[in-house]
Amino acid sequence: MAQDKNDNASGNRDQPSSDEAALSARLGSLDQRLSEIRDTRKLRTDQPGTESGDRAARASAMALGFRLSSELVAGVVVGAAIGWGFDRLLSTSPFGFIVFLLLGFTAGVVNVVRSAGVASRRR
C-alpha cells in the first residue's frame, strides 16, 4: 500500500490509480443522473397551467384561512365589546365582560366550523 503511494507520487502522475478511475466514473454517473433530473424538473415547470393552478390553489387556501381567522377574531371582539358595554351600563365589572367574551369565543368557533363546512360534511 505504501509502495503504491510512492509509485504514484514519484513518477506515475500521468496514469491515475484504480481508485481515482472508479471515483471519476462514479462522478460522471452522478453528473449524468443530476442533469437528467434537472431536465425533467425544468420540463415540469415549463408546462403552462400547472404553475398558475398552484398559485390559484394557494391563493384560495390563503383566502379561506384569512376568512376563518377573521370570523373567529370578530366573534371574540364583538363578545368582548358587548360585555364591556354591559359592565359600563350596569356596573357589573368584570363579570359581563368575562361572560360575553366566552360567548363571543363560542360564537366565533361555531362560525368557523360552519364556514369551513365541517358540520355539513358530517350529515
Side-chain angles (χ1 to χ4, degrees):
M1 184 88 157
Q3 191 166 355
D4 287 341
K5 287 183 182 178
N6 289 338
D7 287 342
N8 253 354
S10 62
N12 287 340
R13 292 186 185 184
D14 294 338
Q15 295 177 346
S17 69
S18 62
D19 290 341
E20 290 177 8
L23 182 63
S24 179
R26 286 176 52 202
L27 185 61
S29 171
L30 178 65
D31 186 39
Q32 182 182 4
R33 285 187 288 167
L34 283 174
S35 64
E36 289 173 2
I37 290 171
R38 284 186 193 124
D39 291 342
T40 57
R41 284 187 182 175
K42 188 174 183 182
L43 287 175
R44 269 192 266 152
T45 58
D46 288 344
Q47 292 176 352
T50 54
E51 192 171 313
S52 63
D54 290 343
R55 285 184 184 169
R58 281 191 209 131
S60 176
M62 273 186 97
L64 180 63
F66 280 125
R67 184 174 133 212
L68 295 177
S69 63
S70 66
E71 285 186 11
L72 179 66
V73 169
V76 172
V77 168
V78 168
I82 292 173
W84 180 79
F86 273 120
D87 280 343
R88 297 283 286 182
L89 222 95
L90 304 173
S91 299
T92 58
S93 185
F95 299 110
F97 180 76
I98 293 171
V99 168
F100 278 96
L101 182 73
L102 291 175
L103 285 174
F105 177 75
T106 305
V109 169
V110 168
N111 281 338
V112 166
V113 169
R114 191 179 301 148
S115 294
V118 176
S120 64
R121 288 184 198 154
R122 288 184 190 165
R123 295 178 186 171

Please determine whether residues [X] and [Y] belong to a single hydrophobic cluster, defined as Ile, Leu, Val, Met, Phe, Trp and Tyr linked transitively by side-chain heavy-atom distances below 4.5 Å.
{"X": "I37", "Y": "L30", "result": "no"}
{"X": "L90", "Y": "I98", "result": "no"}
{"X": "V78", "Y": "F105", "result": "no"}
{"X": "V112", "Y": "F66", "result": "no"}
{"X": "V113", "Y": "L64", "result": "yes"}

Which pair of heavy atoms, one from S115 and one from L68, lies closest together, and at what distance? CB-CD2, 3.6 Å

Specify the closest pair of heavy atoms between W84 and F97, including all atoms of both residues, with the distance to one decimal. N-CD1, 4.0 Å

Side-chain heavy atoms of L72 within contact of N111, under 4.5 Å: no

Test your reading of the model: is there a side-chain donor-acceptor pair from T106 to the backbone of L102, 3.5 Å cut-off?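 The answer is yes, because a donor-acceptor pair under 3.5 Å joins these two groups.
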
Sidechain-backbone polar pair: S70 side chain, R67 backbone, donor-acceptor under 3.5 Å: yes

Nearest 0.5 Å please: distance from the CD atom of E36 over to the CG atom of D31.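 E36 atom CD to D31 atom CG measures 10.0 Å (nearest 0.5 Å).
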
Test side-chain contact (heavy atoms from CB on, under 4.5 Å) applied to V76 and L101, step by step: CA-CA 6 Å; V76 172; L101 182 73; 3.7 Å; yes

